[in-house]
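Everything below concerns the one structure shown next.
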Amino acid sequence: MDTAFFDRPAETVAPDLIGALFLVNGVGGRIVETEAYDAEDPASHSFRGPSVRNAPMFGPPGRAYVYRVYGRHWCFNVVCDVRRRGSAVLVRALEPTAGLGLMSERRGVGEVRQLCAGPGRLCRALAIDDRLNGASVFASPFTLLDKTIVRRVSHSPRIGVSKGVETPWRFFEDGSRYLSRREPATA
DNA sequence: GTTCCGATGTACT
DNA sequence: GTACATCGGAACG
């Protein structure tokens, strides 16, 4: 995977990331749920233009944008389209495949299904925090490999937003057991 | 199984 | 002050 992959509209990149392998220091799994955000979107951190927090969103594609949410959790995004500055994809859930023991330890949870089912849980399991904000996802400690198996991807409105609630920019692998929520069913 | 609610930091009005 | 791209535990069925 390279810069060109991310230098496209976020709502195009987001479904393409479903099925990709995502690891931090060798720990992680297959991406099964993502959401797209861009600067024309009132739900996006970039909506009101550049700021200290959202600076990575206005930088080059393929960099991490990591921020704290609700004072307790981290969320991990990858910056997209440089022509539509201020766009990114939030990675919301993984199907754990590597480093299960370590993830379980970090999360304090036994069930594999719970390890990376949500943006905050995923960051905890992979030990992602603000130290990785702005880092390239093509270099250590990240591993990001394009999907090898193509499965059906569905979409729905995004979770946890109060604006842009109807924009169907949440993408997930159809039938996956590892989503942050039970499949709402759309197409 | 479900629903409800508080925690807790920070960006922004 | 208010809102927030969330989560886990308590209470309940």
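The structure displayed is predicted, hence computed values, not measured ones. Every chain is numbered from 1, with letters handed out A, B, ... down the list of sequences.
The side chain of A/Arg121 places an N or O atom within less than 4.0 Å of a non-bridging phosphate oxygen (OP1 or OP2) of C/dG8. Within the structure, a side-chain polar atom (N or O) of A/Ser51 is placed less than 4.0 Å from OP1 or OP2 of B/dC12. Checking the phosphate oxygens (OP1, OP2) of C/dA3, no side-chain nitrogen or oxygen of A/Ser162 falls inside 4.0 Å. For the pair A/His45 and B/dA11, the criterion of a side-chain N or O lying under 4.0 Å from OP1 or OP2 is not met.
Counting heavy atoms of neighbouring residues, nucleotides and ligands inside a 6.0 Å radius, atom CZ of A/Arg124 does not exceed 12 of them.
For A/Leu122 and C/dG8, the CG to P distance is 12 Å, given to the nearest whole Å. The nearest whole Å value for the distance from the CG atom in A/Asp130 to the P atom in B/dA11 is 11 Å. For the pair A/His73 NE2 and C/dA5 P, the computed distance is 13 Å after rounding to whole Å. Following rounding to the nearest Å, A/Arg181 (CZ) and B/dT2 (P) show an atom-to-atom distance of 12 Å. Rounded to an integer number of Å, the gap from CD1 of A/Ile159 to C1' of C/dC7 is 13 Å. The separation between A/Arg113 atom CZ and C/dG8 atom P is 15 Å, rounded to whole Å. Across the protein-nucleic acid pair, A/Leu115 atom CG and C/dG8 atom C1' stand 15 Å apart, rounded to whole Å. The distance between atom CZ of A/Arg48 and atom P of C/dT2, rounded to the nearest whole Å, is 17 Å.
For A/Val161, taking side-chain heavy atoms from C-beta onward, the closest of the listed nucleotides C/dA5, B/dC12, C/dT6 is C/dA5. Closest to the side chain of A/Leu90, out of C/dT6, C/dC4, C/dA5, is C/dA5. When the nucleotides C/dC7, B/dC12, B/dG9 are ranked by their closest atom to the side chain of A/Pro119, C/dC7 comes out on top. Distance from the side chain of A/Met57 is smallest to C/dA5 among C/dA5, C/dT6, C/dC4. Listed nucleotides C/dA5, B/dT13, B/dG9 differ in distance to A/Arg68; the shortest reach to its side chain belongs to B/dG9.
In the interface, the side chain of A/Tyr70 is not paired with the base of C/dA5 through any donor and acceptor atom under 3.5 Å apart.
When only modelled atom types and interatomic distance are considered, A/Ser136 and A/Arg63 share no side-chain donor-acceptor pair under 3.5 Å. No side-chain donor-acceptor contact under 3.5 Å links A/Ser46 and A/Asn54.
Here A/Tyr37 counts as stacked on C/dA5: its ring centre is under 5.5 angstrom from the base ring centre and the planes meet at under 30°.
The partner of C/dT6, taking Watson-Crick or G-U wobble pairs whose two distances both stay under 3.5 Å, is B/dA7.
Counting non-hydrogen atoms under 4.0 angstrom, A/Arg107 reaches the backbone sugars and phosphates but no base. Counting any heavy atom pair closer than 4.0 Å across all strands shown, A/Arg72 reaches a base atom.
A/Arg84 and A/Glu11 are joined by a salt bridge, as a carboxylate oxygen and a charged side-chain nitrogen come within less than 4.0 angstrom of each other.
Under the 30°/60° scheme for interplanar angles, the aromatic rings of A/His155 and A/Phe171 are found to be tilted.
Screening A/Arg158, A/Arg170, A/Arg121 for a salt bridge (charged side-chain N to carboxylate O under 4.0 Å, His left out) with A/Glu33, the sole residue that qualifies is A/Arg170.
Rounded to whole Å, the P atom of B/dG6 lies 16 Å from the corresponding atom of C/dT2.
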